[in-house]
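Below is one structure; the comments refer to it alone.
Note on naming: letters A, B, ... go to the chains in the order of the sequence lines (proteins, then strands), and numbering restarts at 1 for each one.
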Amino acid sequence: MKIATFNINGVKARLPALLDWLQAARPDVAVLQEIKSEDAGFPAEAIGDLGYNVAVHGQKGFNGVAILSRRPLEDLSLGLPGDDDDAQARWIEATVSGDRGAVRVCGLYLPNGNPAPGPKYVYKLAWMERLEARARALLAEEQPAVMLGDYNVIPEPRDVHDPAAWADDALFLPQTRAAFRRILNLGWYDAYRALHDDVAYTFWDYQAGAWPKNYGIRIDHALLTPQAADRLRACAIDRGVRGGEKPSDHVPLWIDLDI
DNA sequence: ATGGTAGGCGTCCTA
């Protein structure tokens, strides 16, 4: 089962690029972030025509996440638990059954947090605490589960082209990296790092020629429970998508599970 | 030389 994550930075502006990628990559499941659309405005029909069931957790103007799946989406749940006052649409999860078992698929758009310090950074760290709590609960089930998305976390210096330039950024601050490590240390696997020891990025800013200069960062991640990691066959980044027509500033990352 | 770009029911905010 091929499961992908893609921050598309606006589903309406990105629809042609999204449909092209879905047809080329043919993921069984895809979690999307930054759809920047309410549920009603999501182009479910065009995506459905490619064979996908669609679940949307939208928000007007900003954020917004979705799950696309060729198989039925079971036990859909919207929103990250832990704060009933949080109106930002950043979390969606559902179970997908394959021929050899089922997997809980969580799609997430972790807050950016800039500028730090400030209220946005406070919100980011609080959101990561809620994520850690959900991560603990999923681990306790001892089942295949994956959390994929735009984490807005640069885990290590090798994951950024110029670590010094990013030292004070909310994506790379020691507190941010420690909060991410706490989740890994619970027993979650960073699928890309489990299989690759290279320098690889998933985001290049639109500004200042970041893409042609390869000034990128690795912030889109797929985290797996041990039971999902047992089934992990491959993990890769669809880097070429960044060079396409009207691209997102992120590219897709995918895993292949023997499920 | 502190620049630059993209998206969104938008004349600023977020990234």
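In terms of phosphate contacts, A:Lys246 brings a side-chain nitrogen or oxygen within less than 4.0 Å of OP1 or OP2 of B:dG7.
B:dG10 and B:dT14 are spaced 12 Å apart, taking the C1' atom of each and rounding to whole Å. The same atom, P, is picked in B:dA1 and in B:dG7; the two are 32 Å apart, to the nearest Å. B:dC13 and B:dT2 have their P atoms separated by 23 Å, given to the nearest Å.
Atom C1' of nucleotide B:dT14 and atom CD of A:Gln33 are separated by 16 Å, given to the nearest angstrom. Rounded to whole Å, atom C1' of B:dA15 lies 13 Å from atom CG of A:Asp220. Rounded to whole angstrom, the span from the CG atom of A:Asp249 across to the P atom of B:dG8 amounts to 12 Å. In this structure, A:Glu38 places its CD atom 15 Å from C1' of B:dG7, rounding to the nearest Å. Counting to the nearest Å, the P atom of B:dC13 and the CD atom of A:Glu34 are 18 Å from each other. Atom NE2 of A:His250 and atom P of B:dA15 are 10 Å apart (whole Å). Regarding A:Phe62, its CZ atom lies at a distance of 9 Å from the P atom of B:dC9, rounded to whole Å. Whole-Å rounding puts the A:Asn112 CG to B:dG7 P distance at 18 Å.
Nearest-nucleotide mapping onto DNA chain B: of A:Lys36 and A:Gln207, the residue sitting toward the 5' end is A:Gln207. Residue order along DNA chain B, read from the 5' end via each residue's closest nucleotide, puts A:Gly61 first among A:Arg90 and A:Gly61.
The two residues A:Glu245 and A:Ala17 come nearest to each other via the heavy atoms O-CB, 4.3 Å.
Of the candidates B:dG8, B:dG4, B:dA15, B:dG8 carries the atom nearest the A:Lys12 side chain, counting heavy atoms from C-beta on. The side chain of A:Lys120 sits closest to B:dA15 out of B:dG8, B:dG4, B:dA15. If you check B:dC13, B:dA15, B:dG4 against the side chain of A:Ala208, the one that comes closest is B:dG4. Candidate nucleotides B:dC9, B:dA15, B:dA6 were compared by shortest atom distance to the side chain of A:Arg14, and B:dA6 ranks first. Looking at the side chain of A:Tyr206, the nearest of the listed nucleotides B:dT5, B:dT14, B:dA15 is B:dT5.
Salt-bridge formation is not detected for the pair A:Arg14/A:Asp20: no Lys NZ or Arg NE/NH1/NH2 atom is positioned less than 4.0 Å from an Asp or Glu carboxylate oxygen.
In terms of modelled atom types and a separation under 3.5 Å, the side chain of A:Asp238 and the main chain of A:Pro252 share no donor-acceptor contact.
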### Task
Would you please test A:Arg100 and A:Asp258 for salt bridge (Lys or Arg N to Asp or Glu O under 4.0 Å) and show each step?
CA-CA 7 Å; A:Arg100 290 172 296 284; A:Asp258 182 25; 2.7 Å; yes
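Side chains of A:Glu34 and A:Asn7: a donor on one and an acceptor on the other come within 3.5 Å.
Between A:Trp21 and A:Phe6, the gap from one ring centroid to the other is short of 6.0 Å.
Looking at heavy-atom distances under 4.0 Å, A:Tyr109 makes contact with sugar-phosphate atoms alone, never a base. At a threshold of 4.0 angstrom between heavy atoms, the contacts of A:Arg242 with the nucleic acid are absent.
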